[in-house]
Amino acid sequence: MRRPVLLVIAHGSRDPRHAATVHALVRRVRAMRPGLRVETGFLDFNVPSVPAVLESLAAEGVRDVVALPLLLNRAFHAKADIPAVLREAPSRLRIRQAEVLGPSPLLTAALERRLYEAGLSPADKSSTGVVLASAGSTDPEAIAVIAEIAREWRHTGWCAVRPAFASASLPRTEDAVRELRALGCARVAVAPYVLAPGFLPDRIARGAVEADVLADVLGPAPEVARVLLERYDGARVPVMAALGA
């Protein structure tokens with residue numbers, strides 16, 4: 001029995017760095033799981049679009065697809081936009097929507113990887129305050145999840161961890177940086193909890209000008225690729241069980 005095709009669904013952006021980063025992440029996923037067919041579709045701005053990929057798969061005779069939202073939070077895109085697009089897919093396709101990527105301990109590990117790549121070391125944790133800077137959302141569930149990630153991450157040894165948001169919610173990155181300074185943290189680092197470069201990550205970077213360290217976006221970190229495969233496997237199992245595999 002063939003494994004379902006993994007369709008990674010990205011938001012898309014006018015910023016060419018966004019699509020380039022998504023494709024780099026997908027290449028890492030393919031390298032980690034040889035033999036798994038992985039396709040990429042975008043909701044907006046970039047090609048191929050999700051409907052175009054689904055039409056192409058159906059035309060090839062593909063039957064089973066796991067659609068994986070390339071999103072860190074279960075907010076509007078995961079709850080409304082993506083299900084709406086998938087409902088319009090060709091009827092011959094059996095599609096199961098996987099869970100979003102976050103929260104996951106692997107993503108926290110990826111955040112730390114980026115901070116260490118930016119110049120910190122594990123020995124710096126107790127004296128460093130971290131701003132967990134996300135894109136932001138109007139969805140209360142998504143905001144609550146970010147706050148909980150910050151609380152849990154603080155318990156791993158950082159001086160303090162504060163959430164911040166580039167849009168829709170407060171505080172902004174620069175305000176969280178100043179709060180950590182006021183708390184007496186010897187240094188302040190900003191960890192963007194975003195997958196790819198673009199407009200909002202650039203806003204996060206501008207808000208980090210008073211920080212000592214600015215980490216890179218999560219991008220194609222190996223931990224992120226592992227989360228994608230975990231989510232695929234979690235959605236794939238019910239599909240294969242239904243087929244008697």
Side-chain angles (χ1 to χ4, degrees), residues 11 13-18 20-22 24-25 70-73 75 101-221 223-224:
H11 183 273
S13 171
R14 292 186 178 90
D15 188 324
R17 297 173 299 168
H18 174 90
T21 302
V22 170
L25 175 58
L70 196 61
L71 301 168
L72 295 172
N73 274 317
L101 303 186
S104 167
L106 285 169
L107 295 178
T108 306
L111 288 166
E112 295 207 357
R113 170 190 291 275
R114 294 303 190 220
L115 285 170
Y116 298 151
E117 290 171 349
L120 293 179
S121 73
D124 296 322
K125 291 183 76 167
S126 62
S127 59
T128 302
V130 178
V131 177
L132 178 66
S134 75
S137 174
T138 57
D139 189 311
E141 177 187 351
I143 297 304
V145 168
I146 297 298
E148 180 61 23
I149 293 170
R151 283 193 291 270
E152 292 295 324
W153 201 14
R154 162 68 181 84
H155 296 319
T156 66
W158 296 100
C159 173
V161 180
R162 292 290 185 272
F165 307 95
S167 68
S169 307
L170 295 174
R172 294 287 184 256
T173 302
E174 52 268 33
D175 298 323
V177 168
R178 292 171 190 137
E179 180 185 353
L180 290 172
R181 290 271 187 231
L183 283 175
C185 298
R187 66 182 62 79
V188 176
V190 174
Y193 188 60
V194 292
L195 287 166
F199 176 76
L200 292 178
D202 284 349
R203 181 180 287 178
I204 290 171
R206 290 194 297 272
V209 292
E210 296 180 17
D212 302 292
V213 173
L214 171 62
D216 200 358
V217 299
L218 295 173
E223 295 87 355
V224 179

Separation of Ser137 OG from Leu71 CG (nearest 0.5 Å) = 10.5 Å

Do Cys159 and Leu183 come within less than 4.5 Å of each other through their side chains, counting heavy atoms only?
-> no

Any donor-acceptor pair under 3.5 Å linking the side chain of Lys125 with the backbone of Thr156?
-> yes

Taking atom OG of Ser127 and atom CG of Leu120, what is their separation to the nearest 0.5 Å?
-> 8.5 Å

Can you list every pair that meets ring pair (Phe, Tyr, Trp, His ring centres under 6.0 Å) and has a residue in residues 127-177, with sequence neighbours left out?
-> Trp153-Trp158

Between Leu25 and Val224, does a side chain to side chain contact (heavy atoms under 4.5 Å, CB included) hold up when you go through it step by step?
-> CA-CA 8 Å; Leu25 175 58; Val224 179; 3.9 Å; yes

Mind checking the CG-CD spacing from Leu107 to Glu112? Nearest 0.5 Å is all I need.
-> 12.0 Å

Rounded to the nearest 0.5 angstrom, the CG-OG distance for Leu72 and Ser104 is 10.5 Å

Compare every heavy atom of Ala150 with every heavy atom of Pro163, then report the nearest pair and how far apart it is.
-> CD-CB, 3.9 Å

Close side-chain approach of Arg162 and Leu180, heavy atoms under 4.5 Å = yes

Side chain to side chain donor-acceptor pair (under 3.5 Å) partners for Arg113, two or more places apart | Glu223

Partner set under side chain to side chain donor-acceptor pair (under 3.5 Å) for Glu152, not counting sequence neighbours | none

Sorted by chain and residue number, the side chain to side chain donor-acceptor pair (under 3.5 Å) partners of Asp212 (sequence neighbours excluded) come out as Arg181

Run the side-chain donor-acceptor check on residues 190-208: report pairs under 3.5 Å with partners two or more places apart or on a different chain.
residue	atom	partner	partner atom	Å
Asp202	OD1	Arg17	NH2	3.2
Asp202	OD2	Arg17	NH2	3.0
Arg203	NH1	Ala166	O	2.7

Sorted by chain and residue number, the side chain to side chain donor-acceptor pair (under 3.5 Å) partners of Arg172 (sequence neighbours excluded) come out as none

Approximate separation, where rounding is to 0.5 Å, of Arg178 CZ and Glu210 CD = 4.5 Å

Asp216 vs Glu117 side-chain heavy atoms within contact, under 4.5 Å = no

Give, for atom OG of Ser169 and atom CD1 of Ile146, the distance between the pair rounded to the nearest 0.5 Å.
-> 9.5 Å

So, for Val213 and Ala118, which heavy atoms are closest and what is the spacing to 0.1 Å?
-> CG1-CB, 3.6 Å

Would you say Leu218 and Leu111 make side-chain contact, with heavy atoms under 4.5 Å?
-> yes

Ile149 side chain near Val145 side chain, heavy-atom distance below 4.5 Å | yes

